[in-house]
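Below, all heavy atoms of this structure are taken into account, side chains as well, without hydrogens, waters or symmetry copies. Numbers restart at 1 for each chain; the letters A, B, ... are given by sequence-line order, proteins then strands.
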There are 2 protein chains.
Amino acid sequence: MTQIDLSPKTCANCPIRPRAICSRCTADELMELDKIKFYKTYPAGASVVLMGDPMTFVASVVSGVATLSRSMIDGRMQMVGLLLPSDFIGRPGRDKASYDVTAVSELTLCHFHKKPFEKVTHATPHVQERLVEIALDELDAAREWMLLLGRKTAREKIASFLLICARRLGRKEGESLHLELPLTRDAMSDYLGLTIETVSRQMAALKRDGVLLLEGTRKVKIPDFSRLLDEAGDDSDGATLS
Amino acid sequence: MTQIDLSPKTCANCPIRPRAICSRCTADELMELDKIKFYKTYPAGASVVLMGDPMTFVASVVSGVATLSRSMIDGRMQMVGLLLPSDFIGRPGRDKASYDVTAVSELTLCHFHKKPFEKVTHATPHVQERLVEIALDELDAAREWMLLLGRKTAREKIASFLLICARRLGRKEGESLHLELPLTRDAMSDYLGLTIETVSRQMAALKRDGVLLLEGTRKVKIPDFSRLLDEAGDDSDGATLS
DNA sequence: CGCCTTCTTGAACGGTCTCAAGCCCAGTGG
DNA sequence: CCACTGGGCTTGAGACCGTTCAAGAAGGCG
């Protein structure tokens, strides 16, 4: 989980450029952004911001995994977003955080001070444009998740989660698909609106039924991808893998 | 529910201007938009678009209520958005509908042909800017809803729904707050991730406990707003009413 | 009036949660 | 080497909340 990247951090060799907020930027625009950016690495488990905190920056995930979550006064919590490399954190035009952001693995962010970022935003339509796309993509993901939370069974929820992970993190090896889960069972339960016990039981059930193989608790093999699709209950949105 | 508006439909007397996609536009920009817009009214119950349909337009809700929903092959469905006047439908840059859009009351939309709208979007930063805001607001609402779907009890779900309705549709009359529910029990159940029976039972329970009064099935009085806030389980986000 | 549709109410079932142990494994210290 | 510890995970038994199935009430409208 703890990968050490010794290469210098510059826009030129940035691994997330193709999908990030700056993907459409010209060389000139990149230089503008470059002036106001800074990198920071958080250890696993660290809190990046807490709901209600003043937000003085926006950022892109460069490496690692973070979660967005909301919680109720009595402690119940629901994860509302999973942030993987290239995902964007923060909202221009709002000065208080609407969610808790937590690093679940070692996490490196590319920060922009918010005020200057907003200026750049107004001046460069390419950033604004990409921001609309990102926001609308996240909106689609959130709504997909609403269907999962409101209507899917525990088993379908687990299968859907594996599907999402497989699409973004999986690697084909021969016939089957390998992936390493980015979350603990506990975090999975927060994501899926379940308890940790139910997550554990359903993982066991899917294993028993041959939908997946487990190596340890995090490494998963999917022998038959279409089987997983069925289990997730989605009306197959094509795209076997990116 | 069926209001007939005989006034001529023009941007000049548009009731939703302050919040709509065009709210920031200058007179010149409005004229550009005016060229590519057209109004259309749908009867209650009509389908506006179905998931997967080609989307040739985007639109704003002028009057009436519409819902966004997704459904699974076996018929389970989850509402993922409630569209009230001034809300925006559609997504520039995508040509297939991601959800079903349904009119739940008589519904009037202000349509823009998508292609020309996208051009205007690129040319006028004010529209782009407002689009980012709208998308991010919807994202916040969707994530709030995820907390509700994943973690709240049936009773809390009903109370939260009433709260949302009260905030956007309620009118103070003396001490108490009056509002007319925009949805049937059935649509409420789709929204809240419940069954219609549970909705009915919990409405009855809230009535029994004095949280609300019912006149018929749609007209609701809230004698004590802060009581409703408690029942919803939210960490009071201030804003008693608009 | 009868016939819709919408809503309410009741009884039984079942999926998920709660509570409580116990397992596995890595790390630590004797 | 072992014993101990703590975190993450699994497993079991029972309770509970919301669903399912079924019937009936309340309007709206011919």
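A straight line from CG of Leu194(A) to P of dT10(D) spans 14 Å, rounded to a whole angstrom. The distance between atom CD of Glu156(A) and atom P of dG15(C), rounded to the nearest whole Å, is 12 Å. Here the P atom of nucleotide dC9(D) and the CG atom of Leu206(A) are 16 Å apart, to the nearest Å. Between Arg155(B) atom CZ and dC17(D) atom P the separation is 12 Å, expressed in whole Å. Atoms CZ (Arg151(A)) and C1' (dT16(C)) sit 16 Å apart, rounded to a whole Å. Taking atom CZ of residue Arg218(A) and atom C1' of nucleotide dA26(C), one finds them 15 Å apart after rounding to whole Å. In this structure, Arg76(B) atom CZ and dT20(D) atom C1' are separated by 14 Å, rounded to whole Å. The interatomic distance linking Met188(B) (CE) with dT8(C) (P) rounds to 9 Å, in whole Å.
Contact annotation for Gly216(A): no contact, since no heavy-atom pair falls under 4.0 Å across all strands.
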- Message: Let's go through Ile164(A) and Leu162(A) carefully: what are the C-alpha distance in whole Å and the side-chain angles of both, what is the deciding distance for side-chain contact (heavy atoms from CB on, under 4.5 Å) to 0.1 Å, and is it a yes or a no?
- Response: CA-CA 5 Å; Ile164(A) 290 186; Leu162(A) 292 173; over 6 Å; no
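The stretch residues 204-214 of chain B participates, sequence neighbours left out, in these side-chain hydrogen bond (donor to acceptor under 3.5 Å, both in side chains) pairs: Arg155(B)-Asp209(B).
Comparing the axis of the opening five pairs of the helix from dC1(C)-dG30(D) to dG30(C)-dC1(D) with that of the closing five pairs yields an angle of 10°, rounded to 10°.
Tested against Arg151(A), the residues Thr153(A), Leu148(A), Leu147(A) include a single side chain to side chain contact (heavy atoms under 4.5 Å, CB included) partner, Leu147(A).
Within residues 195-204 of chain A, the residues that place at least one heavy atom under 4.0 Å from DNA chain D are, in residue-number order, Glu197(A), Ser200(A), Arg201(A), Ala204(A).
A salt bridge is absent between Arg70(A) and Asp140(B); no separation between the charged side-chain nitrogens and carboxylate oxygens falls under 4.0 Å. Salt-bridge formation is detected for the pair Asp234(B)/Lys152(B): a Lys NZ or Arg NE/NH1/NH2 atom is positioned less than 4.0 Å from an Asp or Glu carboxylate oxygen. Salt bridge Glu138(B)/Arg143(B): absent, no basic N to carboxylate O contact under 4.0 Å.
Taking only side-chain nitrogens and oxygens, Thr217(A) comes nearer than 4.0 Å to OP1 or OP2 of dC9(D).
Inspection of the Thr41(B) and Thr108(B) side chains reveals an N or O donor paired with an N or O acceptor under 3.5 Å. A donor atom on one side chain and an acceptor atom on the other are not found under 3.5 Å apart for Asp100(B) and Thr102(B).
Ring-centre distance between Phe161(B) and Tyr191(B): below the 6.0 Å cut-off.
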